[in-house]
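First the structure, in the form of structure tokens, and then the observations on it.
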Amino acid sequence: MKNFPKVKLAISAVSLMMSMASVSAADLKIGVKSEPSSLDPQFHVLATNMQVAFAIFEPLVMMNEKLSAKPGLAESWRTVSDTVWEFSLRKDAKFSDGSALTADDVVFTFERVSKVPNSPTAFTLFTRQIVKVEAVDAHTVRIATKQSYPLLITDIANIPIMSKAAASGPAPEGKTTVELNRGEGLVGTGPFKFISWQKGADLVLERNPFYWGKAPEWDKVTYRPMTNAAARAAALLSGDIDVMEDPPTTDLEQFKSNPKLSVSQAPASRIVYIALDQHGEPSPGIKGTGDQNPLKDKRVREALSLSIDRSAIVDRVMGGVAVAAGDLVTPTMFGAVPARANAPAADAAKAKKLLAEAGYPNGFEITLGTPNGRYVNDVRVAQTIAAMWTRVGVKTEVAAAASPVFFKNRDTFQYSAYLAAWGNSTGEVATTLLAQVATRDPATGSGTGNGGRYSNKAVDQLLAQASQALDDKARSELLQKADDIVLADFGILPIHFEVPVWALRTGMTYAARADQYTLPQGVTSTK
């Protein structure tokens with residue numbers, strides 16, 4: 001009995017030490033607006049997927065928060081000829097299972113891209129010009145392109161490098177998307193390693209002990225999907241999460257003045273747009289046109305554009321945390337059209353006149369698809385546009401759906417018109433045009449995000465010429481011509497650019513990224 005107090009004291013000390021350890025453990029909880037559609041780093045070009053991929057994996061070349069290229073797994077590179085690039089790999093890079101990165105892993109990764117089936121937006125968008133990837137030796141890779149291709153560096157910055165040993169399998173692509181979603185073969189060289197994922201709930205990562213670079217601050221990272229902005233804000237204020245994406249635009253000024261919070265903001269870059277079906281006949285979701293598709297008429301597309309008051313949407317719906325768009329990229333991006341820096345003014349009278357000229361004096365009915373919670377105020381923006389279209393005679397109903405349902409509908413062409421967004425991670429208009437308006441051909445990586453199936457041979461030819469132009473001035477002029485044709489044709493309707501915003505607990509900061517990726521390695525404490 002005499003020893004009992006000592007035992008009790010010992011137990012208390014252990015409990016205290018365990019408690020202190022749990023408190024001091026560097027855990028980071030992030031409230032994200034949308035969960036990834038897949039953990040397969042080559043399945044779907046989607047920001048929510050890419051940000052998770054770049055926490056676990058790394059590309060040969062990385063883009064920093066301002067979209068400038070910097071060395072990644074390739075510490076240097078050079079051109080061998082007009083069509084051959086050589087990359088020298090880091091010799092200290094290891095995967096999260098402790099195995100060394102080699103050129104064979106790079107070759108495997110690039111060869112897998114075209115083999116991944118059923119991709120909603122295929123990564124062939126970034127490999128379309130590559131004809132061969134070969135290992136020169138264990139730490140040297142050569143990439144050959146079809147022709148002179150100045151955009152190779154920015155393209156491959158979107159290809160996370162996978163482990164050949166871990167991701168190989170009997171399927172043509174090796175480990176399948178289903179297997180990778182279970183965490184099988186999900187081995188990368190990034191700052192974090194995969195632990196668990198329950199769809200609809202938490203995605204958990206831990207620090208990669210073999211990471212070659214500066215060790216991240218966090219032992220454990222939890223991505224928590226919270227589609228409702230108000231719910232994310234409440235969780236941040238209560239301490240349930242440490243970081244949140246896209247705080248409510250109506251509360252942003254209060255967040256900035258709250259001593260318990262800090263706010264990080266990046267320049268606008270993601271374009272929110274309306275895609276219009278210019279292929280189907282009849283088009284789904286359109287009534288009152290005798291099975292004709294009015295969206296194939298440029299006058300109708302122009303009328304729909306003219307009916308949208310973009311400045312009002314920015315002021316009243318987005319709370320000023322957006323920029324009205326007249327182009328598909330911001331004016332500072334390479335290939336932007338200077339004359340389209342300002343958004344077009346709304347003109348309801350002209351819109352009605354154009355509809356009448358096109359043979360629809362009484363308008364028609366249309367359904368506008370939108371995701372619910374994927375983009376900032378997406379449903380409210382869609383509802384506002386629907387009201388504007390209805391005022392000029394195009395009676396519009398909004399069909400809002402959870403992101404997975406929305407993307408499935410979009411990819412199977414179930415919408416006559418839909419609201420979506422595209423984040424440009426390369427800093428020039430070519431990527432946006434090739435994904436969103438180039439003639440759709442998934443086999444070649446062209447038009448992978450072109451759900452409206454707009455097609456213009458002149459645009460395709462200009463993009464092809466620009467892809468070979470090594471002279472920046474010549475390439476910029478070609479891209480501007482292509483961009484101008486699309487916009488003059490109202491092939492797609494730019495609405496506004498989102499301004500990326502993050503809110504964090506005080507004492508924390510985030511290196512805000514123009515591509516809107518939420519990367520845990522970019523979150524640091526200020527103490």
Side-chain angles (χ1 to χ4, degrees), residues 249 267-276 278 294-295 297-333 335-358 360-364 366 368 370 375-396 398 417-422 424 429 432-433 436-437 452 454 480-499:
T249 54
S269 64
R270 179 186 295 275
I271 182 66
V272 174
Y273 63 87
I274 297 289
L276 302 172
Q278 294 157 66
L295 302 179
D297 191 317
K298 175 186 169 181
R299 293 169 296 184
V300 173
R301 300 194 298 270
E302 182 178 1
L304 294 176
S305 180
L306 283 170
S307 68
I308 300 173
D309 190 335
R310 292 161 173 82
S311 296
I313 290 174
V314 167
D315 293 339
R316 301 170 195 171
V317 180
M318 298 298 294
V321 191
V323 178
D327 201 347
L328 293 170
V329 292
T330 56
T332 57
M333 286 195 183
V337 179
R340 296 187 181 276
N342 297 321
D347 191 335
K350 185 176 179 180
K352 292 178 180 178
K353 182 180 178 182
L354 285 167
L355 287 170
E357 289 176 0
Y360 305 101
N362 300 317
F364 52 88
I366 193 171
L368 175 63
T370 179
Y375 311 113
V376 181
N377 299 334
D378 43 18
V379 175
R380 289 179 58 201
V381 171
Q383 290 171 338
T384 302
I385 291 173
M388 292 172 175
W389 283 359
T390 299
R391 285 194 202 106
V392 299
V394 179
K395 186 178 179 181
T396 306
V398 172
Y418 64 83
L419 179 141
W422 176 259
N424 186 310
V429 73
T432 299
L433 294 176
Q436 297 297 326
V437 295
Y454 171 80
Q480 286 178 348
K481 288 179 182 178
D483 189 26
D484 204 32
I485 290 172
V486 172
L487 295 171
D489 207 20
F490 301 92
I492 189 171
L493 309 183
I495 306 300
H496 62 260
F497 298 104
E498 287 186 350
V499 174

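We number each residue from 1, following the sequence as shown. These numbers come from the heavy atoms of this one structure, side chains and all, not from hydrogens, waters or symmetry mates.
Note on residues 312-329: no pairs pass salt bridge (Lys or Arg N to Asp or Glu O under 4.0 Å), not counting sequence neighbours.
Considering CG of L304 and CG of L355, their distance stands at 6.5 Å, rounded to 0.5 Å. Here the CD1 atom belonging to I492 is positioned 5.5 Å from the CG atom belonging to L328, to the nearest 0.5 angstrom. To the nearest 0.5 Å, the span separating CG on L493 from CZ on R310 amounts to 6.5 Å. Going from atom CZ of R270 over to atom OG1 of T330 covers 13.0 Å, rounded to the nearest 0.5 Å. From Q278, atom CD reaches atom CZ of F490 across 11.5 Å, with rounding to the nearest 0.5 Å.
Heavy atoms only, all atoms of each residue included: A312 and M388 are closest at CB-CE, 4.4 Å. D483 and G335 get closest at one heavy-atom pair: OD2-O, 4.1 Å. Listed here is the closest heavy atom pair of Y375 and A420: CE1-CA, 3.7 Å. Here the shortest heavy-atom pairing between P331 and A336 reads O-CB, 3.9 Å. Shortest non-hydrogen contact noted between S307 and V392 is CB-CG1, 3.8 Å. Looking at every heavy atom in both residues, V317 comes nearest to N377 through O-ND2, 2.9 Å.
Of the possible donor and acceptor atoms, one in the side chain of R299 sits under 3.5 Å from a partner among the backbone N and O of E357.
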task = Just do the side-chain contact (heavy atoms from CB on, under 4.5 Å) check on E498 and V272 with the steps written out, would you?
result = CA-CA 7 Å; E498 287 186 350; V272 174; 3.8 Å; yes
task = Kindly indicate, with the supporting measurements, whether the criterion side-chain contact (heavy atoms from CB on, under 4.5 Å) is fulfilled by I271 and F497.
result = CA-CA 5 Å; I271 182 66; F497 298 104; 3.6 Å; yes
Donor-acceptor contacts, no H, no angles, side chain residues 337-354, under 3.5 Å, sequence neighbours left out:
unit_1: R340; atom_1: NE; unit_2: D484; atom_2: OD1; d: 2.7
unit_1: R340; atom_1: NH2; unit_2: D484; atom_2: OD1; d: 3.1
unit_1: D347; atom_1: OD1; unit_2: A349; atom_2: N; d: 3.4
unit_1: D347; atom_1: OD1; unit_2: K350; atom_2: N; d: 3.0

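Neither side chain, T370 nor R380, offers a donor N or O lying under 3.5 Å from an acceptor on the other.
Partners of V314 by side chain to side chain contact (heavy atoms under 4.5 Å, CB included), not counting sequence neighbours, listed by chain and number: A322, A324, H496. With sequence neighbours excluded, the residues forming a side chain to side chain contact (heavy atoms under 4.5 Å, CB included) with A482 are L433, V459, L462, L463, listed by chain and number. Residues that satisfy the side-chain hydrogen bond (donor to acceptor under 3.5 Å, both in side chains) test with Y454, not counting sequence neighbours, are N456, D489. Residues passing the side chain to side chain contact (heavy atoms under 4.5 Å, CB included) test with T396 are I366, L368, A386, W389, T390, V394, sequence neighbours excluded.
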